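Just so it is clear, the structure is predicted and the values come from calculations on it, not from any experiment.
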Amino acid sequence: MTGTKRKRLHVITWGCQMNVYDSGRMADVLAPIGYAPAADPDGADMVILNTCHIRDKAAEKVFSELGRLRRLKEATGNRMILAVAGCVAQAEGAEILARAPYVDIVLGPQTYHRLPEMVARAARAGGKAGGRGAGVIETDFPPEDKFDQLPQSRAPQGVTAFLTVQEGCDKFCSFCVVPYTRGAEQSRSADSILREARHLVAQGAREITVLGQNVNAWHGAAPAGSTSGSGSTSVWGLGRLLRALAEIPGLGRLRYTTSHPGDMDDDLIGAHRDLPTLMPYLHLPVQSGSDRVLAAMNRKHSAADYWRLVERLRAARPDLALSSDFIVGHPGETEADFEATLALVRAVKFAQAYSFKYSPRPGTPAAGAPSQVAEADKDRRLRTLQALLRDQQGEFAAGCVGLDLAVLFTGFGRHPGQIVGRSPFLQPVHVMGQAGLIGTESIVRIIANMPNSLSGTLVEERRIA
Ligand code: SAM
Ligand code: SF4
């Protein structure tokens, strides 16, 4: 930047892909006022801790990291601006300033477009006696649309990019803190999403993952004069949006995450049939295989609904690989309920999955439920479920050996001469290949499966753009 001294910004990101996206956008917002990314917090002019509140002792982890950052801040003569962002900031803002008074800025996920103004306030108040921070706090849900306020220019993200299209959630699952920390569901307009997607592709992205806490609930204003899958002209659903994104020249791959089973409509299922760019991999959390637990979780779908949905998706796209989220030990879960979860897993056969022990989140209905499950039972159930899921993941990977898969190369592997990319099913794939292949898609014959990746040999080079 001409006329502005370059300052060093270090962002520490915890949690989901939406936080990764938010961290990138915070850097974008701060770039015009002179902040450039720094790999190390030591000596940085500003450090942002972008936090996640979804499980475990989230707040305690934040305070222990803040203790470490405090020493780095002191080493800069308290010049370093220390900010806490994300869902822990949203949920526990005042507590953070009380327990860590050296923090300068606390901001929720909906206010980061206001960061330059917060930084200016922090800089004016900075360097208080005793190393006290500026105490700037912004955790309300502002009336303006954050996405309309963000700058268009973004630092290149690389071959694969995230694009948030939807935020917040109105589902209120019994265990989940998201509706409280991220607020009500909000969808960006199709125009603003398509503009950002074209920009990402112009900057080198070949794959875009469309993000939302409940991404398939996306219902955004359609571009003027357009039609939707359902005939209305004013609002599009996610299926229609994916069809429009698939037309962007140079964009080879599309993915979306995370979906709720209740929001998979016909047009979105049809998009899996119609769009070769939409990768045959879907993360579709089910949480439990027991109808009793699903009802207690307020999931609004049964195990049979989920199974029927899987059948429709597989009819549309027979090679679709499924992933899911599971919670074991939700309040009231019995051994029989847990067995129902195992039965659902055996029936569906997942290519991969995430599974968690239920973790009470303050302020959520399940946290106050009387029938909490003993920790030892949660541990045992989690081990059993994870062993089954690991076997299924291994079986799926073994089934890939001998196949020729399109791999989008994203970077270097750990060994000299090795490059790494992703299969259509999101598995990391290693091959020996030239650096020039990074950013392109090639056909790879899979020769072996390792615990968390595949290896193969190049069969054919096929450039996407
Ligand atoms: N919107 C997605 C859905 O409908 O399933 C999930 C989003 S949530 C951010 C990611 C995952 O974290 C959930 O699918 C759930 O499995 C897990 N999770 C959320 N709250 C949890 C809790 N209190 N304890 C354990 N796992 C939890
Ligand atoms: Fe949380 Fe997903 Fe349920 Fe929304 S739908 S409350 S984000 S688990």
Side-chain angles (χ1 to χ4, degrees), residues 14-16 18-19 51-62 86-93 95 108-109 167-185 212-215 217 258-263 283-306 323-345 353-386 389:
W14 285 331
C16 64
M18 295 195 63
N19 268 15
T51 60
C52 170
H53 205 229
I54 202 81
R55 280 179 296 275
D56 304 328
K57 300 181 173 60
E60 287 318 307
K61 284 190 202 157
V62 170
C87 291
V88 175
Q90 184 67 43
E92 313 207 17
E95 167 88 2
E167 281 195 292
C169 183
D170 298 340
K171 297 273 191 294
F172 290 92
C173 297
S174 61
F175 52 82
C176 183
V177 81
V178 166
Y180 311 94
T181 56
R182 292 270 177 167
E185 260 174 39
Q213 258 94 30
N214 212 339
V215 72
T258 294
S259 296
H260 189 285
D263 289 319
H283 183 62
L284 190 63
V286 62
Q287 314 297 354
S288 168
S290 152
D291 287 347
R292 236 176 48 82
V293 174
L294 287 168
M297 286 177 163
N298 193 29
R299 287 291 290 180
K300 302 187 176 75
H301 60 80
S302 65
D305 292 336
Y306 188 85
S323 158
S324 200
D325 288 344
F326 295 89
I327 296 179
V328 299
H330 181 274
E333 185 188 74
T334 62
E335 287 301 322
D337 293 320
F338 177 62
E339 283 300 325
T341 298
L342 296 178
L344 179 128
V345 173
Y354 302 92
S355 44
F356 314 102
K357 270 196 301 183
Y358 167 69
S359 154
R361 302 287 78 203
T364 58
S371 45
Q372 300 291 324
V373 174
E375 214 51 35
D377 290 333
K378 288 190 208 173
D379 285 333
R380 178 176 41 77
R381 289 176 195 169
L382 188 65
R383 276 196 305 275
T384 308
L385 176 61
Q386 289 187 336
L389 291 169

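Among pairs with a residue in residues 172-182, those fulfilling salt bridge (charged side-chain N to carboxylate O under 4.0 Å, His left out) read D22-R182, E167-R182, at least two apart in sequence or across chains. Under the salt bridge (charged side-chain N to carboxylate O under 4.0 Å, His left out) criterion, the residue pairs touching residues 361-378 are K357-E375, E375-K378, D377-R380, with sequence neighbours excluded.
Residues satisfying the ring pair (Phe, Tyr, Trp, His ring centres under 6.0 Å) criterion with Y306, sequence neighbours excluded, are absent altogether. The side chain to side chain contact (heavy atoms under 4.5 Å, CB included) check on A304 picks up S302, R308, with sequence neighbours excluded. By the side chain to side chain contact (heavy atoms under 4.5 Å, CB included) test, T258 is found to be paired with H283, P285, residues two or more places apart in sequence or in another chain being considered. Under the rule for a salt bridge (charged side-chain N to carboxylate O under 4.0 Å, His left out), the partners of E95 that lie at least two apart in sequence or sit in another chain are R99.
In this structure a side-chain-to-backbone donor-acceptor pair under 3.5 Å is present from T51 to V88. In this structure a side-chain-to-backbone donor-acceptor pair under 3.5 Å is missing from Q287 to S324.
Between D305 and R299, none of the side-chain N atoms (NZ, or NE/NH1/NH2) sits under 4.0 Å from a carboxylate O, so this pair counts as no salt bridge. Taking 4.0 Å as the cut-off between side-chain N and carboxylate O, E335 and R381 count as a salt-bridged pair.
For the atom pair CG of L342 and CZ of F326, the computed distance is 9.5 Å after rounding to the nearest 0.5 Å.
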I would like to know whether S174 and H330 meet side-chain hydrogen bond (donor to acceptor under 3.5 Å, both in side chains); could you show each step before the answer?
CA-CA 9 Å; S174 61; H330 181 274; 2.7 Å; yes
Using side-chain contact (heavy atoms from CB on, under 4.5 Å), reason through D263 and N214 one step at a time and then give a plain yes or no.
CA-CA 8 Å; D263 289 319; N214 212 339; 3.6 Å; yes
